[in-house]
Amino acid sequence: LVMMGKTVMDIPKHSDIICLGFVSEEEKFSGIAGAKVLVLPSEFESFSISVLESMALGVPVVVNGKCEVLRGHCLKSDGGLYYENYYEFEGCLNYILTYYDQYLLMGKNAKKYVNTYFKWGIIIEKITGIIDYVIKSNCDL
């Protein structure tokens with residue numbers, strides 16, 4: 001288990017746990033690209049750049065299902081799994097480690113999801129559409 005980012009709890013000392021803390025962008029992307037899966041246990045995400053970064057690299061995610069946004073990314077993309085308790089978390093990891101073909105498909109689905117909905121040009125197009133709508137709506141008043 002390799003952990004990156006801010007430590008918000010005591011991490012047990014164990015040879016199978018590597019806690020890197022904050023890392024450079026290059027190290028972060030290298031770590032994600034080399035990962036089997038990205039796990040984001042937070043219940044309190046409003047969007048989650050790290051989940052989308054992982055998905056953009058074709059790395060499936062396992063997220064906290066109590067977070068509507070993270071669960072939504074998994075449901076819309078078929079690029080990850082979500083859990084709400086320890087046993088579901090264990091089941092998600094076992095599934096990923098057991099069903100290799102499904103794991104590969106989740107990675108492809110994740111990448112397709114990000115490329116379809118979150119590439120820069122698509123975002124600009126959506127924002128431009130919203131601005132045009134607001135301008136047009138105000139002109140009709």
Side-chain angles (χ1 to χ4, degrees), residues 1-139 141:
L1 175 64
V2 177
M3 301 173 72
M4 292 186 221
K6 182 180 178 183
T7 303
V8 295
M9 61 183 274
D10 289 334
I11 307 298
K13 300 285 187 224
H14 192 282
S15 60
D16 290 336
I17 301 174
I18 301 167
C19 189
L20 300 176
F22 284 104
V23 296
S24 70
E25 286 291 302
E26 182 180 331
E27 291 170 316
K28 176 181 77 172
F29 283 109
S30 292
I32 293 171
K36 181 82 170 182
V37 64
L38 179 123
V39 177
L40 186 63
S42 174
E43 291 181 42
F44 307 108
E45 295 297 314
S46 60
F47 184 68
S48 189
I49 295 296
S50 60
V51 163
L52 294 177
E53 289 170 337
S54 178
M55 294 173 104
L57 294 170
V59 176
V61 298
V62 172
V63 302
N64 190 326
K66 293 177 183 174
C67 176
E68 189 176 330
V69 172
L70 297 178
R71 186 177 66 246
H73 285 314
C74 291
L75 291 170
K76 292 172 193 169
S77 69
D78 286 329
L81 302 172
Y82 61 91
Y83 64 91
E84 292 191 11
N85 60 52
Y86 171 81
Y87 298 104
E88 290 178 3
F89 176 74
E90 180 182 40
C92 289
L93 294 181
N94 284 334
Y95 185 87
I96 284 171
L97 296 172
T98 303
Y99 297 100
Y100 186 69
D101 290 342
Q102 287 303 113
Y103 163 76
L104 291 177
L105 184 58
M106 278 193 290
K108 288 179 184 176
N109 290 341
K111 192 170 192 169
K112 181 180 177 184
Y113 174 68
V114 172
N115 287 335
T116 301
Y117 297 104
F118 296 103
K119 285 293 186 181
W120 188 243
I122 294 165
I123 300 297
I124 294 297
E125 200 173 290
K126 287 179 181 181
I127 291 172
T128 302
I130 291 168
I131 292 169
D132 289 344
Y133 174 79
V134 169
I135 290 170
K136 191 174 190 176
S137 296
N138 286 331
C139 288
L141 297 176

Taking it one step at a time, do Phe118 and Phe47 satisfy ring-ring contact (aromatic ring centres under 6.0 Å, His included)?
CA-CA 12 Å; Phe118 296 103; Phe47 184 68; 5.6 Å; yes
Enumerate the salt bridge (Lys or Arg N to Asp or Glu O under 4.0 Å) contacts for residues 74-103, please, sequence neighbours excluded, ordered by first and then second residue.
none
Solution key, residues 3-17 side-chain donor-acceptor pairs under 3.5 Å, sequence neighbours excluded:
from  : atom 1 : to    : atom 2 : distance (Å)
His14 : ND1    : Asp16 : N      : 2.9

For residues 114-123, which residue pairs pass the side chain to side chain donor-acceptor pair (under 3.5 Å) check, not counting sequence neighbours?
Asn115-Lys119
Considering residues at least two apart in sequence or located in another chain, which fulfil the side-chain hydrogen bond (donor to acceptor under 3.5 Å, both in side chains) criterion with Tyr113?
His73
Could you pull out the closest heavy-atom pair between Asn109 and Ser77, with the gap in Å?
CB-O, 3.1 Å
Side-chain donor-acceptor distances from residues 122-134 under 3.5 Å, at least two apart:
from   : atom 1 : to     : atom 2 : distance (Å)
Thr128 : OG1    : Ile124 : O      : 2.8

Residues in side-chain contact (heavy atoms from CB on, under 4.5 Å) with Ser48, at least two apart?
Leu40, Glu45, Ser50, Val51, Leu70
Show every donor-acceptor pair shorter than 3.5 Å between a side-chain atom in residues 57-69 and any protein atom, with sequence neighbours excluded, or say none if there are none.
from  : atom 1 : to    : atom 2 : distance (Å)
Asn64 : OD1    : Lys66 : N      : 2.8
Asn64 : ND2    : Pro41 : O      : 2.9

Name of the residue among Tyr82, Tyr83, Tyr95 meeting ring pair (Phe, Tyr, Trp, His ring centres under 6.0 Å) with Phe89
Tyr83
Distance-only criterion, 3.5 Å: show the donor-acceptor pairs between side-chain atoms of residues 21-35 and protein atoms not counting sequence neighbours.
from  : atom 1 : to    : atom 2 : distance (Å)
Ser24 : OG     : Glu27 : N      : 3.1
Ser24 : OG     : Glu27 : OE1    : 3.2
Glu25 : OE1    : Lys28 : NZ     : 3.3
Glu25 : OE2    : Lys28 : NZ     : 3.4
Glu27 : OE1    : Ser24 : N      : 3.0
Lys28 : NZ     : Glu53 : OE1    : 2.9
Lys28 : NZ     : Glu53 : OE2    : 3.1
Ser30 : OG     : Glu26 : O      : 3.1

Going by heavy atoms in the side chains, are Ile96 and Met106 under 4.5 Å from each other?
yes
